[in-house]
Every structure is written in C-alpha cells, then in structure tokens.
Amino acid sequence: MLGTLAAGASATVLPSAPAAAAPRQGAAPALDSLGTPIEDVTTTGGAVGMDAQNRTWLYSIAAGSAGADGTFNVLDPSDGSVAHAVPLTGTQTAWGVTTGPDGAVYIGAQNGHLYRWPHGAAQLTDLGRPLESERVIFKISFDDQGWLYGGTYPGGRVFRYHPETGEVRDYGQALEGQTYARSTIVHGDTVYAGTQPNAHLVAFDTASGERREIALPPNIEPDHRVYGLNVHDGLLYARISPTGVTGTLVVIDVATEEVVDQLDDVGGLDVSAPGPDGRVYVVQGGEVTGYDPGTGTTTPTGLLFPGRVTQFRGVGWGQLDLPDYPGPSLIGMGWKGYGFRHDPETGAGETFETDIAKVPVRLRALGAGADGRVYIGGTGVGGLAVLDTRTDEIESHRFGEHQGIAVHRGEVYLGLYPQARIYHYDPDTPFYSAEYTTVPPGETPNPRKLFDGTDHGQDRPFAMTSAGAHLAVGTVPSSGFLGGALTLYDSATGARDVYPDLVPDQSIMALAHRDGVLYAGTSVYGGYGADETASEAVLFAFDLAERRMLWSMVPVAGERTVSALDFDGHGRLWGLTAGVIFSVDPRGSRRVWWRRYASYTWPSDGAYVVGDLAYNPADRRVYATVPGRGLVRLHPRSRRVELLHDRPDLYRLTVSDAGDVYVTDGAELLRHRVDAHPGGTR
C-alpha cells in the first residue's frame, strides 16, 4: 500500500487543500513487458598492447546500460574476435585504459576505482579508490618510475598511484573552479592536466607538486574543454572541444611551452604515436589522417569512419596477421564497437565489426503520436525505437543520447545530448543518420537536425512540448555552468527565439501549455559539476504572445526539481517533483495542494527528471511514476491516489492515443492497459 508520508505547503503559498483519502493498492492487471527496444554497444576507454608472446591486442571498455556493469574486452585486431570479456564489476564504464610496465592492463573507472588485469585473468583486481572524494577517473598514464597518473571528477584533482606499494599522492585541484581534470598525461618529470568546464592546460612538477598554467591559443572559447592529451617526440597534443565530438588539436612544444600548430575538425580521444612514416595519426573531418609534425602537413588516408561521431577510443601500432597489412599497422577502436586498421606502407585501411556484445539500453525519453506510435529514446549508449501500438512491432535505430521527445502538430521532434540538439524525425521515410551512419548518395538525413543550444551554452533538452505555433524546449546548461534556457521554435517559419536564465541559475525541466500560456518547472541543478545557488525549484507562467513572465512561485518547499507538468480535462495543472504530486491554479492565485508519497534524498549533482506524470483522457485520471514506489493513478476531483504497480524503478511515462500508459524500467518498456472507466472514453 502506498502511504502518505507528509503533507504541507511552502511558506510562499497558501496552505494546502484538505488531505485526500489515504492512497490504496489499485486492482490493476500486471504490466505487459514489451522487452528491451534498444540494444547497442558504446566503447569508451581503450588501448593497444602486447602479451608476453608479443601478440598485439586491442583493449576496449564497452559501457553497460540500465545500471548494469560495463565489460572489459580483449580483441584480436586481425578479425575483431573477443578473446576475453571480463565484467567491470561495480561500474558502468571506464575512460582510462593503459598498459603498465609489468605488462598488465590498468583501468581508471567511472566509480573512482582503479583496476588491474594481468593477461588471461578471469577477473579484474580492484585496486580501490585512490582519492576517496572522487567519483570518476579519466585518462591514466605511467611514467618511467612505475607511477600511474590520472585526473578526476568532481574535485578536478590530479593524483599518482604506485601499483606495487599502493602509495597515493594527491596534487590537488588542477585549477580552482574546474571540477573535471578531464585529461592527463605524464612526460618525464611533468604531468599535464586539461580541465573542464573551461579549457585550461596545467603542468605539475611530479616531484615538488608546483604547478603552472600553459597558455592556450586565443581562439579557444571559454566554454570549451580539454578532452584529450598525448605527448610524442617532444610535442604535446591537446584536443579541445565544446562537446568532445570534434574540435581543435593544439600542438605545443614541451620545451618552450609554445603553441606551434593547430588542426581543426579533429575527433578525440587520442593521437597515435609516430608510425614508420614519421606521422602521427588523428581523425580529421571523419577521415583517418596522418600529420607530419616536422612540416605541419596532413595526408588523408582514405579511411573514413561512419557518421560524424569519429573518435579514436584507444589507438596504437601493432602487427596483424593479414596479407594487406605487413605492418606495423595503425589499429584502434571507434565508439560504436567497431575497430579500424591502416597500413601506411600498403595504403590498406578499413573499419571492421567486432564481436563485442550489445547491451540493453536504458530508456530516458518517451513520446506518443496520434498515429498509433510510441517513440522511445535511449540514454548513455543511445538509440531510437518506434513502437507500433497496434501490432506491438518495434523498429530500432542507432542514434544519439536522448533527453526528450515531443509530438508537435503531428510531427516528431527529438532532443539529444550534448549541445541540446533538436531534430525533426519522419517515421514514414527511411532512417539515415548523418551523425551515426553513412547517408547514401541522393538521400536526405532523417532525423534532420534543426538547431542546437551551443549559442547559449545549453546541453540537455529534457523539457519539450507543443505550444501553439511553437515547439517549446527547456534545457540544462553545459557541465560546470548554471542557468537554463527556454527556446521557442516556430515549426512553420524556422524562426527560433531563446530566453536564457528566466529563473536565475535554474534549469528548465518541465513544460505544459494551455491557452497561449506556457507553464515551466525548474531545477536548481545545472550542468554536472556546477554548485547550485538556489535551494528550491520554481514554477512559472510565460505569456507566449507578450513574451513575458506572468508569475512565479515555489510549488513545494524544499523540492529541488519539478520533474513533470500536465493539465487535466478541467484545466487544473498537475505537477511532480520526486515523490510529491501537486496541483496549482494556473491563473496564478498561488493556491496549492500537494502530498508526498515517497521520501527522496536530493543528491549534490544532476537530479534532473526523476519521475514522470501525464493526464489520460481515456479515463480522466492522472498517472505518475513515483521514484521508490511505482506507477500511481490519481483521481483529479477526489485526489485519491492508487498504487497500481509496486515497481520502484519505473521512470518515464507517456499515454498512447488509445489511452494505454507506457512506462520504462531501466532498459525495459512496459504497458499498463487502461479499460473503460466511469466518465472515460476508451
């Protein structure tokens, strides 16, 4: 039974309405499972190394999804087969992978732990968390003395660790205010660190700990980040980007610490060591390209990666057992589980599929159209699926990381992270993604990108709704920053108006529209790593004709995010925080009713959409997913709440045109059948 834990009202509003009857367990049929609509693979950290028999291997981390552990994979670069697939127990993924002087592979993981894998071992050895305060370790590297160096989040710290003794040295935060030491590389007696949310390059003396900042070129924007660092033959290569996808490669002389060259449109995360031709290799413009550090010239290889998201995930040189690759050959991983190889001597080059296993992808966005379809977006690994509710057939596609989906005037719009990218998608034409696949000649990309949020530093488009002539989008800013934005996009003309920071230092997390007024719920959280300045989420009304805020209020004291908003059939506005359902008079009288149905501890970072809510015209009820409890149904007049399904991890929710309720649980899509109810229209 779902119990009422608390009731009350904010000091800034009138007292709440009388308490509703105690919630009770609803007599509901079991949820229908529709399986895991999206399965895919994303590879994060990687490296190339050799075993004791001098055989070359590709090491690659495949991210887990839906809260599952990632996998450390050992691949044969000649055929893409997986020789070892070892669970990365306790963490979903890892960005730091390198080989140690002892021949073992070392991993810096997303849970702040270091791991060690000797060749052939059945499992990883957990070396613990070098810095107890840090939740993520990024790129790692060894010096000649056997010390391992790395950078962290959320403290943005630089550390070193000795695998033989377990000794740790904390060099402190790379630079004040920088919450990510996103990339590090050690060279001689210096460890370099690149930062986020702002691009800075810092050098530490490994013995004394003294630090100095190395000047970056003036064309580097303040909101860019240093995503990758490598040192080869006295040159430091720093890949600087607003998103990590593509950016500028800055080449620095380590002796003088002066910039000697720049390359545009370069993908991360690594630059290769010089090959037999003296060139280092990068991905530029989606093509593997050789760079001559002596002359500054570039030589394309003809080896193209699929789509625009082209990143080396571990790259090195090795010997292949293939006739066109007498070697040494350049080998490495792309980001979607495929490998690549190139022999500079013969000119041979290709991408190839590997046997890395796909995983079910956690679902983060749902939307329903009037065409009998439900649209489903994945997070992390990413992907898009379309459910035909008449046949239960599901069509899935490789695509990006979704945050929101909306149907506006019968058209489907997708909101993706990073850069708060908004796409138009036509489900009745072939799917060709320019970012993630190759678009055939003569075909048009579908989904088609409309705009993004980079001009106002926005990253995550969680809130999307149809608002008259406009698609309304509410966003969260880039990591390290506060202040979201409201974007109004006229789908007929393509005009776009952006209203940043309407509620100072707060993101826009939920939207609902009625009679020319847009209602928005906020979150005190900004991008990851930003310290919030507010303590309570806000609800406000925005007049679309006059483009001004009509009123604002705190709907529930102490709640830090308004996760969802919707109107019922009588014009009452309903909202959800995290365990709290509330209703508001949309005329701005500041009269509020609310009840808490689950406790929730707000984290220090990133509590964006934590539940979902929608009105169902079929039975004239409000449905909500309450974190820690499950799917509930609320009668708007009596305010009686029933717990329909006791399943604590139910998350996103949408109502189909037939009146059925679709919800997500991790990677699984489920359906609650809604039968005819008194006053309803099935």
Side-chain angles (χ1 to χ4, degrees), residues 9-14 404 406 408 415 420 422 451 453 455-477 481-490 495-527 530 532-567 571-577 582-594 608-609 613:
S10 165
T12 61
V13 297
L14 297 177
H408 167 62
I422 306 300
F451 60 89
D455 50 354
H456 289 83
Q458 300 299 299
D459 229 12
R460 298 177 183 270
F462 280 107
M464 299 176 66
T465 196
S466 181
H470 296 90
L471 172 72
V473 181
T475 50
V476 178
F481 294 91
L482 296 171
L486 171 65
T487 297
L488 299 176
Y489 173 75
D490 189 318
R496 177 170 64 104
D497 297 316
V498 182
Y499 301 89
D501 221 22
L502 286 171
V503 177
D505 290 349
Q506 296 208 30
S507 304
I508 295 181
M509 206 60 61
L511 292 169
H513 171 258
R514 187 177 179 89
D515 297 333
V517 178
L518 192 63
Y519 299 84
T522 72
S523 172
V524 303
Y525 299 102
E532 60 269 16
T533 61
S535 59
E536 295 177 316
V538 169
L539 175 69
F540 68 87
F542 186 86
D543 189 293
L544 291 173
E546 299 180 8
R547 301 296 175 94
R548 66 181 181 89
M549 191 181 294
L550 299 176
W551 52 262
S552 65
M553 62 183 296
V554 173
V556 184
E559 295 297 281
R560 300 170 74 82
T561 294
V562 175
S563 293
L565 295 168
D566 203 4
F567 282 93
R572 288 177 288 253
L573 179 61
W574 294 89
L576 177 74
T577 63
F582 65 88
S583 65
V584 174
D585 182 345
R587 294 170 297 181
S589 68
R590 299 197 175 197
R591 226 176 126 216
V592 172
W593 171 90
W594 65 269
Y608 301 133
V609 174
L613 173 146

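Atoms considered below: every heavy atom in the structure, side chains included; atoms not considered: hydrogens, waters and symmetry mates. Index from 1, following the sequence. A quick note: this is a predicted structure, and the numbers were derived from the prediction, not measured.
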Q: Could you report the tightest heavy-atom contact between L518 and A467, atom names first, then the distance?
A: CD1-CB, 4.0 Å
Q: Check the orientation of F462 and Y608. Use parallel for under 30°, tilted for 30 to 60°, and perpendicular for over 60°.
A: tilted
Q: Give, for atom CG of L502 and atom CG of L486, the distance between the pair rounded to the nearest 0.5 Å.
A: 6.0 Å
Q: Over all heavy atoms of both residues, which pair between F542 and M549 is shortest? Give the atoms and the distance, please.
A: CD1-N, 4.0 Å
Q: I'd like to check I508 versus F540 (side-chain heavy atoms, cut-off strictly below 4.5 Å). Are they in contact?
A: yes
Q: Using a strict 4.0 Å threshold on nitrogen-to-oxygen distance, state whether R496 and D490 make a salt bridge.
A: no
Q: Taking all heavy atoms of L511 and all of A520, pick out the closest pair and write down the distance.
A: CD2-CB, 3.6 Å
Q: Which pair of heavy atoms, one from T465 and one from A512, lies closest together, and at what distance?
A: CG2-N, 4.4 Å
Q: Has E536 got a side-chain atom pairing as donor or acceptor with G558's backbone, closer than 3.5 angstrom?
A: yes
Q: Apply side-chain contact (heavy atoms from CB on, under 4.5 Å) to D585 and R572, showing your working.
A: CA-CA 6 Å; D585 182 345; R572 288 177 288 253; over 6 Å; no
Q: Please step through side-chain contact (heavy atoms from CB on, under 4.5 Å) for the pair Y525 and R560, ending with a clear verdict.
A: CA-CA 8 Å; Y525 299 102; R560 300 170 74 82; 3.1 Å; yes
Q: Side chains of M509 and S563: does their closest heavy-atom pair fall under 4.5 Å?
A: no
Q: Donor-acceptor pair, distance only, cut-off 3.5 Å: does the side chain of T487 make one with the backbone of V498?
A: no
Q: Just so I know, are the side chains of P461 and I422 near enough to count as touching, which here means a heavy-atom distance under 4.5 Å?
A: yes
Q: Step by step, work out the side-chain contact (heavy atoms from CB on, under 4.5 Å) result for F582 and L565.
A: CA-CA 10 Å; F582 65 88; L565 295 168; 4.1 Å; yes
Q: Who pairs with S583 by side chain to side chain contact (heavy atoms under 4.5 Å, CB included), at least two apart in sequence or on another chain?
A: W574, W593
Q: Would you indicate whether the side-chain heavy atoms of D501 and H456 approach each other to under 4.5 Å?
A: no
Q: Tell me, with the steps shown, if Y519 and F567 meet ring pair (Phe, Tyr, Trp, His ring centres under 6.0 Å).
A: CA-CA 10 Å; Y519 299 84; F567 282 93; 5.3 Å; yes
Q: Kindly determine whether L573 and D566 satisfy side-chain contact (heavy atoms from CB on, under 4.5 Å), including the steps that lead there.
A: CA-CA 6 Å; L573 179 61; D566 203 4; 6.0 Å; no
Q: Using every non-hydrogen atom in the two residues, find where H513 and D515 come nearest and quote the distance to one decimal.
A: CE1-N, 4.2 Å
Q: Looking only at heavy atoms, what is the nearest atom pair of L482 and A530, with distance?
A: CD2-CB, 3.8 Å
Q: Does the side chain of V473 reach to within under 4.5 Å of the side chain of Y489, using non-hydrogen atoms?
A: no
Q: To the nearest 0.5 Å, tell me how far L488 CG sits from D497 CG.
A: 6.5 Å
Q: Rounded to the nearest 0.5 Å, how far apart are CD of E559 and CG of L539?
A: 13.5 Å
Q: Got V562 and P555 here, is their nearest side-chain heavy-atom distance under 4.5 Å?
A: yes
Q: Without swapping roles, check the side chain of Q506 against the backbone of T561 for a donor-acceptor pair under 3.5 Å.
A: no
